[in-house]
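The residues of the chain are indexed from 1 along the displayed sequence. One-based numbering, in listed order, for ligands and for the atoms of each.
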Amino acid sequence: MFRLLILILAVGFSSVASRHVNFYRNDYTYVDEFDAFYKLHWDTSGTDWSSGFLACDDEGAELFYPKTRDEWTVVKKLVKAIPTALNVTDIFVGIHDKFGVGEFITINGYPVSSPVLHFDRPGIDRCVTMDIESGVLDANDCLAKPGSTRPFVCKKVEDVSCPTIDKGYQYFKETRKCYKINKKAMNWSKAMETCLMEGGILLVMESQSEADILNRNVVAYGTNYYVGFKKLFNEEYYTVKGRNLRDTGYERWYQHNTRNECGIIWQASNNDGIYMDSEVCSNNYPFICEMTVRNE
Ligand SMILES: *[C@@H]1O[C@H](CO)[C@@H](O)[C@H](O)[C@H]1NC(C)=O
Ligand SMILES: *[C@@H]1O[C@H](CO)[C@@H](O)[C@H](O)[C@H]1NC(C)=O
């Protein structure tokens with residue numbers, strides 16, 4: 001019992017330290033729809049494509065280009081939010097043919113998904129601009145015309161990865177957690193120990209939406225899985241993150257009358273979702289470990 005408490009405290013601290021915040025830098029704006037951070041460089045320094053490329057690189061970001069059909073609208077919104085308008089209609093984007101291969105590619109080496117106007121316009125240096133109002137891409141010079149400027153946008157995508165090389169862990173964006181089912185059945189303490197050895201912890205479901213994700217993607221019908229709650233002080237259930245199960249955001253019991261020591265979950269049916277139950281801790285079951293994703 002004493003050892004378990006120590007464990008709970010230690011794990012509690014580490015999960016606080018790695019809690020996610022939607023933050024990259026003060027000057028970057030997070031856009032939910034595209035799950036990325038953006039910054040408009042709206043000044044007169046944007047006169048050549050390379051300086052935009054390098055400025056973004058300096059900020060640990062990359063020169064923006066629309067990766068999906070609608071992403072250009074982010075730029076329009078960012079420009080609208082600027083109080084002092086410059087007389088510009090286009091920005092440089094991260095598409096070029098700097099290598100002179102005769103094909104436009106994105107700065108990270110992908111083919112361009114939308115058409116580029118004036119693709120074969122002669123006598124130009126081959127960098128791509130984007131019309132702020134329409135998102136239309138246009139082949140252009142890599143230098144803005146004398147006296148004019150082409151702003152640009154830097155974009156930062158979060159580098160999300162499960163903090164392990166164990167391929168059994170699967171990442172889910174909605175909860176910012178990785179989950180793994182360990183199929184080898186063990187008793188509850190061995191299951192907990194195994195998760196810890198892997199750098200994780202037994203699963204603690206913290207919301208209805210997390211339960212929905214697990215229901216749809218992770219758990220299989222009819223199997224008991226050990227998860228991270230256990231009866232403490234002979235009384236109430238506490239999670240391995242140190243909180244009363246009541247306060248974790250998801251508590252849904254199948255049977256209230258057979259309360260054993262160790263927590264399990266099981267899926268009644270896909271439509272009915274996940275129930276909690278309790279079992280004798282020395283029984284062997286497969287179990288689910290979770291890992292919280294850290295921000296790079
Ligand atoms: C803005 O740019 C357009 C086209 O380049 C030009 O005709 C117009 O005079 C400019 N307006 C200002 C206020 O500089
Ligand atoms: C759990 O399993 C381990 C290894 O098989 C064993 O040493 C331990 O006593 C078991 N604990 C319980 C509570 O059953």
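Listed by chain and number, N187, K190, S282 each place a non-hydrogen atom less than 4.0 angstrom from ligand 2.
Ring orientation note: the planes of F34 and Y38 are nearly perpendicular, at an angle over 60° on the 30°/60° scale.
In this structure, Y238 has its ring center under 6.0 Å from that of F233. Aromatic rings of F37 and Y30 (six-membered ring for Trp) have centroids within the 6.0 Å cut-off, being under it.
The only member of Y275, W266, F229 that meets ring pair (Phe, Tyr, Trp, His ring centres under 6.0 Å) when paired with W253 is F229.
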Residues 142-153, side-chain donor-acceptor partners within the protein, below 3.5 Å, at least two apart:
{"unit_1": "S148", "atom_1": "OG", "unit_2": "K145", "atom_2": "N", "d": "3.3"}
{"unit_1": "S148", "atom_1": "OG", "unit_2": "K145", "atom_2": "O", "d": "2.7"}
{"unit_1": "T149", "atom_1": "OG1", "unit_2": "D43", "atom_2": "O", "d": "3.2"}
{"unit_1": "T149", "atom_1": "OG1", "unit_2": "G46", "atom_2": "O", "d": "3.2"}

Worksheet entry | E236 vs N244, side chain to side chain donor-acceptor pair (under 3.5 Å): CA-CA, chis, key distance, verdict | CA-CA 7 Å; E236 307 223 23; N244 193 304; 3.1 Å; yes
